[in-house]
Amino acid sequence: IEARIKTHSIDCDLTWGFLHAASRPSHMTGLAEHKEELEKYGVEGCTLLTREELAGKIGSSAYHGALREQDAGHIHSLNYALGLADAILSKGGKLIENTEFSSIEGGSSPALKLKSGKTVACNQIVVACNAYLGSLVPGLNHRVMPVASYVVATEPLGEERARGLIRDNEAVCDSNYVVDYFRMTADHRLLFGGRCSYSGIHPRDLGSSMRPRVLRIFPQLVDVKMQYAWGGHIGITHNRLPNMGRSDGSIYYAHGFSGQGVVLAGMLGKVLAEAIVGDTEHFDIFARIRHLPFPGGFLRRPGLTLGMLYYRVRDLLS
């Protein structure tokens with residue numbers, strides 16, 4: 001991501017520093033083990049912070065310490081996507097929007113069937129729909145479960161008040177199984193996400209629904225308006241690893257990023273490009289990962305909802 005931002009001069013507020021904040025004292029043990037695992041794989045610059053040290057970085061008493069990664073961070077992901085789109089156009093690529101497909105065909109004559117009745121022939125097809133795949137590719141949709149996540153943005157707080165909440169402008173995510181996550185924007189708003197929904201039922205008033213979660217971490221924002229609120233779907237897999245492979249000879253796919261899509265989609269996009277031009281070394285590694293389907297039929301979503309309720313209870317009791 002950093003290399004692409006530099007190569008294509010994308011203005012997307014790249015900022016370094018990420019805090020895994022411990023929601024319970026017992027979670028510090030897991031964060032210490034995670035630090036050891038990261039270092040085992042060559043990741044440098046990870047630091048464990050005590051509760052007192054974290055209090056100097058975040059204006060909240062909700063956490064019991066943290067693991068800080070110096071080489072992780074946050075970006076304005078929409079501006080990053082728009083920058084990539086501009087780069088594609090500058091290289092002669094085409095972007096065709098608002099065009100719905102009814103089906104795709106692989107084999108020796110790959111083609112896209114449009115809902116308008118037209119057919120688009122091509123050499124290869126890359127399916128990158130993630131949580132919005134639906135039934136476009138038979139057999140793939142049961143490997144990914146769409147899960148809703150929601151975000152609110154406060155009104156501008158001003159630089160001084162913003163730094164009182166997150167001193168060094170780092171991204172923060174808690175250590176629960178069902179996480180809350182937050183950061184500051186370039187115009188000093190608090191961007192706060194969480195409250196995953198596995199049932200498919202969405203809150204009527206998203207801003208009001210998210211407000212208690214924000215105030216639980218930052219009660220000093222009681223006078224602040226939640227100016228924007230929105231939601232979208234995350235594509236999760238059974239093992240939380242991305243599902244990549246090839247179907248019917250000429251249909252490539254990569255999805256199921258399980259909440260890490262900004263990073264993983266960019267990385268696996270490069271792997272897919274390598275495979276299409278004949279270098280399948282990295283592609284084959286991901287394609288060998290076994291992915292169990294989520295149960296089908298009318299019990300699919302209720303079963304997942306009950307399973308996640310178990311983890312929510314664990315978050316409360318751990």
Side-chain angles (χ1 to χ4, degrees), residues 1 4 81 84-147 200 232-301 303-304:
I1 288 177
R4 287 174 184 157
L84 293 178
D86 288 339
I88 290 169
L89 295 173
S90 71
K91 300 296 183 181
K94 294 182 179 180
L95 299 174
I96 302 172
E97 300 177 281
N98 302 315
T99 305
E100 293 187 80
F101 300 103
S102 58
S103 64
I104 64 177
E105 296 180 0
S108 58
S109 301
L112 308 172
K113 302 290 186 178
L114 307 186
K115 286 192 174 180
S116 65
K118 295 181 180 180
T119 299
V120 179
C122 50
N123 294 323
Q124 291 94 15
I125 299 170
V126 174
V127 177
C129 304
N130 203 38
Y132 299 90
L133 176 68
S135 58
L136 189 62
V137 181
L140 284 187
N141 60 322
H142 292 307
R143 299 184 193 176
V144 177
M145 174 66 76
V147 174
H233 286 96
I234 297 167
I236 66 169
T237 60
H238 231 292
N239 56 13
R240 300 303 190 271
L241 294 173
N243 180 211
M244 170 182 270
R246 183 166 59 180
S247 174
D248 204 7
S250 53
I251 300 174
Y252 294 83
Y253 58 86
H255 56 202
F257 304 124
S258 304
Q260 307 295 327
V262 173
V263 174
L264 289 179
M267 183 178 80
L268 296 192
K270 185 175 186 295
V271 172
L272 281 170
E274 292 171 350
I276 288 171
V277 299
D279 180 2
T280 64
E281 178 184 1
H282 298 122
F283 176 86
D284 290 341
I285 293 172
F286 283 98
R288 285 196 296 267
I289 298 173
R290 186 179 178 219
H291 287 270
L292 296 174
F294 288 96
F298 69 95
L299 291 176
R300 185 184 190 209
R301 191 170 288 279
L304 180 65

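Since the structure is predicted, the reported quantities are computational estimates derived from the model, not experimental observations.
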Exercise. Which atoms form the tightest heavy-atom contact between Val262 and Ile1, and what is the distance?
Worked result: O-CD1, 3.7 Å
For this session: Check whether any side-chain N or O of Thr99 sits under 3.5 Å from a backbone N or O of Glu97 as a donor-acceptor pair, and report yes or no.
Result: yes
For this session: For the pair Leu140 and His142, evaluate side-chain contact (heavy atoms from CB on, under 4.5 Å) and give the outcome as yes or no after the intermediate values.
Result: CA-CA 6 Å; Leu140 284 187; His142 292 307; over 6 Å; no
Seminar exercise, completed: Of all heavy-atom pairs linking Pro110 and Ser250, the shortest is CG-OG, 3.2 Å
Exercise. Does the side-chain contact (heavy atoms from CB on, under 4.5 Å) test come out yes or no for Asn239 and Ile289, once each step is laid out?
Worked result: CA-CA 10 Å; Asn239 56 13; Ile289 298 173; 3.8 Å; yes
Seminar exercise, completed: On a heavy-atom basis, the closest approach of Leu114 and Ser102 is O-OG, 3.9 Å
Exercise. Any idea which heavy atoms bring Ala131 and Pro146 closest together, and the distance?
Worked result: O-CG, 3.5 Å
For this session: Report yes or no: does Arg240 contribute a side-chain atom to a donor-acceptor pair with the main-chain N or O of Gly256 at less than 3.5 Å?
Result: no
Exercise. Which residues satisfy the side chain to side chain donor-acceptor pair (under 3.5 Å) test with Thr280, sequence neighbours excluded?
Worked result: Asp284
Problem set entry | Verdict with reasoning, Ile236 to Phe257, per side-chain contact (heavy atoms from CB on, under 4.5 Å) | CA-CA 6 Å; Ile236 66 169; Phe257 304 124; over 6 Å; no
For this session: Taking all non-hydrogen atoms of both residues into account, name the closest pair between Cys129 and Leu136 and its distance.
Result: SG-CD2, 4.2 Å
For this session: Check whether any side-chain heavy atom of Phe283 lies under 4.5 Å from a side-chain heavy atom of Arg246, and answer yes or no.
Result: yes
Exercise. His233 versus Tyr132: any side-chain heavy-atom pair under 4.5 Å?
Worked result: yes
Exercise. Of the non-hydrogen atoms in Leu89 and Lys94, which two are nearest, and what is the gap between them?
Worked result: CD2-CA, 4.5 Å
Exercise. Do His238 and His291 touch side chain to side chain, with heavy atoms closer than 4.5 Å?
Worked result: no
Exercise. Mind checking whether Val144 and Phe294 have side chains closer than 4.5 Å, heavy atoms only?
Worked result: no
For this session: Could you name each residue pair satisfying salt bridge (charged side-chain N to carboxylate O under 4.0 Å, His left out) that touches residues 260-282, not counting sequence neighbours?
Result: Lys270-Glu274
Problem set entry | Steps toward side-chain contact (heavy atoms from CB on, under 4.5 Å) verdict (Ile276, Val126) | CA-CA 10 Å; Ile276 288 171; Val126 174; 3.7 Å; yes
Problem set entry | Flag, side chain of Ser247 to backbone of Ile251, donor-acceptor distance under 3.5 Å | no
Problem set entry | Ring centre gap for His255 and Tyr253 strictly below 6.0 Å | yes
